Amino acid sequence: MDTYTVKIPFFDPFAVSESGQCFRMDACANGFSLIAGGERLTITPQPDGYFRFSCDEQVFLRKWASYFDLDTDYGRFQDILRLSPDPFLCAAAEHGRGVRILRQEPWEMLICFLISQRKSIPAIRRAVELLCTHFGAPLNDGSFTFPTPEKLDSLPEEALRSCGLGYRTPYVAAAARSVASGETNLTALASLPDADLETALRRLPGVGPKVAACVMLFGFHRLSAFPRDIWMNRAAELCGGEFALCGCEGFEGVVQQYIFCYARQNRNLLFSAGSI
DNA sequence: GACCAGGTATTGC
DNA sequence: GCAATACATGGT
């Protein structure tokens, strides 16, 4: 088995797996394992900030270095947030220092975040996994890739519904139809400026401001996108209603991920309502 | 068995 | 415009 070991700053696979941006990354015996781009990858943490990946150097450099966004300087984000006037942002950034914005596939992000609305993260993971095991392509280790637009488009809605999609079933079906037919060309959308990309995504039924922002941030690497979810609203209340994001222009989405992880990890501490 | 979940579309004012 | 409401199903 080929492996490649490399030192990566500002990278914590656990933090990434808990960040809610991906739904197919799990803890395993050796560390963490994920499926993306039609392949499984295992990440084994090593001492002193090194990580061992289950692929050779060439594949890592060609594929995974980009996936883990190694060209982006997260140290700069950390430096800026450390000096933020908002103590909540300082704490969130420190807590989330190992989070990176993965460069995931737009199609997969579109479907995952259509499903995500009013579902808990465990429920999202379950629905996504059912979609993959039922309609994805098998890998040699018994797992499955994320299904293609053509595959989902070929299915009766009842087949989609059986994966627990509920009322989101027609949203997923319409997205599959639009992408498979070429009406929505996700590759072409990648070259649009942020505002036009958002407009195009929101033409799809079930894509509102929050889902569009997630697809932009996690699928198109638009780091300015700031998905406003219930965790942002809860956390913002602790900050007097709104976050002080001045100075964070261009990487608001990274800040959002820091806040998301921090708020969820400390839900009992921060939100004493208890029932959350 | 309530209650809530990475929201959105629709309706009514 | 903006507030209220329905929405399928699963996790806790």
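Remember, it's a predicted structure, so these values are computed and weren't measured experimentally. Proteins come first, then strands; the chains are lettered A, B, ... in the order of their sequence lines, and each starts at number 1.
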Query raised in the report: For A/G206, which contact category applies under a 4.0 Å heavy-atom criterion: base, sugar-phosphate, or nothing?
Result: sugar-phosphate
Requested in this report: Answer with base, sugar-phosphate or nothing: what part of the nucleic acid does A/S162 contact at a heavy-atom distance below 4.0 Å?
Outcome: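 Touches nothing.
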Query - Matching residue for A/F68 among A/F10, A/F32, A/Y74, A/F53 - test: ring-ring contact (aromatic ring centres under 6.0 Å, His included) - result: A/F53
Which nucleotide sits closest to the side chain of [X]: [options]?
X      : options              : value
A/R126 : C/dG10, B/dT8, C/dA8 : C/dG10
A/R118 : B/dC4, B/dT8, C/dC7  : C/dC7
A/R161 : C/dT9, C/dT12, B/dA9 : C/dT9
A/P122 : C/dA8, C/dG11, B/dT8 : C/dG11
A/Y171 : B/dA9, B/dG7, C/dG11 : B/dA9
A/R168 : B/dT8, C/dA8, B/dA5  : C/dA8

Write down the distance between [atom1] ([X]) and [atom2] ([N]), rounded to a whole number of angstrom.
X      : N      : atom1 : atom2 : value
A/R264 : C/dT12 : CZ    : P     : 11 Å
A/N233 : B/dA5  : CG    : P     : 11 Å
A/R202 : B/dA9  : CZ    : C1'   : 11 Å
A/L114 : B/dA9  : CG    : C1'   : 13 Å
A/Y167 : B/dA5  : OH    : C1'   : 9 Å

Report task. Taking atom P in both B/dA9 and C/dG10, compute the distance separating them and give it to the nearest angstrom. Result ->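 Each nucleotide's P atom is 23 Å from the other's.
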Query raised in the report: What integer number of Å spans the P atoms of C/dA6 and B/dC3?
Result: 15 Å
Query raised in the report: Going by distance alone, is a donor N or O of one side chain under 3.5 Å from an acceptor N or O of the other, for A/Q78 and A/Y258?
Result: yes
Query raised in the report: Are A/S84 and A/D86 linked by a side-chain donor-acceptor pair shorter than 3.5 Å?
Result: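 No, A/D86 and A/S84 have no side-chain donor paired with an acceptor closer than 3.5 Å.
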Query raised in the report: For A/L139, does its backbone N or O pair with a side-chain atom of A/S143 as donor and acceptor, under 3.5 Å?
Result: no
Query raised in the report: Under the 3.5 angstrom rule, does the side chain of A/R168 hit a backbone N or O of A/L165 as a donor-acceptor pair?
Result: yes
Report task. Could you pick out which residue, A/G20 or A/P205, lies toward the 5' side of DNA chain B when each is mapped onto its nearest nucleotide? Result -> A/G20
